[in-house]
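For reference, the structure is listed below as structure tokens.
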Amino acid sequence: MGQQPVDKEVAHRFAELVGLGLTQHEAARAVGIGTRTGERLMTKPEIRQIVEQTRRAGDGDPTIRALLEATDEAGNADWERRLEGAELALADLAGENGGRGLLPGVELRFPLPR
């Protein structure tokens with residue numbers, strides 16, 4: 001069975017989410033594509049360029065960066081603060097892109113560890 005092409009907007013949003021700090025698999029789930037499709041997208045130079053541009057843009061706000069990397073006193077990931085950072089980063093990104101936001105029908109969810 002042949003590979004289906006990925007919509008350009010979906011691929012772009014996938015790359016932005018990876019650039020914001022999500023793993024490839026988390027970003028793939030967030031935009032509704034398979035993890036192997038996400039891995040395949042990351043081999044494309046134009047997608048890697050979007051990832052890098054988004055990372056550089058995110059590095060500009062130290063508050064967002066600190067939230068995305070937040071840990072508790074024991075050094076474990078602080079998922080509530082990281083979620084707050086992801087929401088701020090996405091809001092910031094949406095403002096830079098004319099308020100585009102997530103693709104219609106896409107919800108970004110971060111499961112908390114048990």
Side-chain angles (χ1 to χ4, degrees):
M1 195 154 66
Q3 298 172 353
Q4 297 291 325
V6 177
D7 179 81
K8 287 183 182 183
E9 288 293 316
V10 171
H12 192 272
R13 178 54 66 190
F14 166 81
E16 289 173 335
L17 292 172
V18 172
L20 289 171
L22 274 68
T23 67
Q24 292 176 29
H25 291 190
E26 290 168 336
R29 283 191 302 269
V31 299
I33 60 175
T35 56
R36 288 181 54 122
T37 301
E39 292 168 358
R40 192 174 67 247
L41 284 173
M42 287 301 294
T43 66
K44 298 184 177 199
E46 62 271 19
I47 296 299
R48 295 194 68 76
Q49 180 180 11
I50 294 167
V51 170
E52 289 306 315
Q53 288 172 340
T54 305
R55 282 183 180 149
R56 283 193 300 275
D59 286 342
D61 188 331
T63 301
I64 291 174
R65 177 60 48 205
L67 286 168
L68 289 170
E69 298 172 352
T71 58
D72 62 16
E73 295 81 22
N76 300 312
D78 184 335
W79 293 109
E80 289 182 27
R81 289 180 50 215
R82 287 183 180 200
L83 174 59
E84 183 182 344
E87 289 171 344
L88 286 173
L90 286 171
D92 185 56
L93 188 61
E96 291 177 9
N97 291 327
R100 182 174 55 136
L102 290 175
L103 296 171
V106 172
E107 291 182 10
L108 184 59
R109 297 180 185 206
F110 294 90
L112 295 174
R114 294 181 182 196

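Count residues from 1 along the sequence.
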If you look at every heavy atom in G34 and A28, which pair is closest and at what distance? O-CB, 3.7 Å
Please name all residues satisfying side-chain hydrogen bond (donor to acceptor under 3.5 Å, both in side chains) with R81, sequence neighbours left out, ordered by chain then number. none
If I take atom CD from residue E87 and atom CG from residue L20, how far apart are they, to the nearest 0.5 angstrom? 12.0 Å
Test of understanding: with side chain to side chain contact (heavy atoms under 4.5 Å, CB included), list the residues that count as partners of T23, not counting sequence neighbours. H25, E26
Spacing of OG1 belonging to T63 relative to CG belonging to L88, to within rounding of 0.5 Å: 8.5 Å
Name all residues meeting the side chain to side chain contact (heavy atoms under 4.5 Å, CB included) criterion together with A15; count only those two or more places apart in sequence or in a different chain, and write none if there are none. I47, I50, V51
Any non-hydrogen side-chain atom of R36 less than 4.5 Å from a side-chain atom of R40? no
Tell me the closest heavy-atom pair linking G85 and L67, and the distance in Å. CA-CB, 3.5 Å
Salt bridge (Lys or Arg N to Asp or Glu O under 4.0 Å) filter on E39, not counting sequence neighbours, yields none
By salt bridge (Lys or Arg N to Asp or Glu O under 4.0 Å), R48 pairs with (sequence neighbours left out) none
Would you check if V31 and R13 make a side-chain contact, meaning some heavy-atom pair closer than 4.5 Å? yes
Qualifying residues under salt bridge (Lys or Arg N to Asp or Glu O under 4.0 Å), relative to E46, sequence neighbours excluded: none
If you define the side chain from C-beta out and look only at heavy atoms, does anything of N76 sit under 4.5 Å from T71? no
Could you report the tightest heavy-atom contact between F14 and Q24, atom names first, then the distance? CE1-O, 3.4 Å
Distance in Å, T37 OG1 paired with M42 CE, rounded so as to fall on 0.5 Å steps: 13.5 Å
Going by heavy atoms in the side chains, are I33 and L41 under 4.5 Å from each other? yes
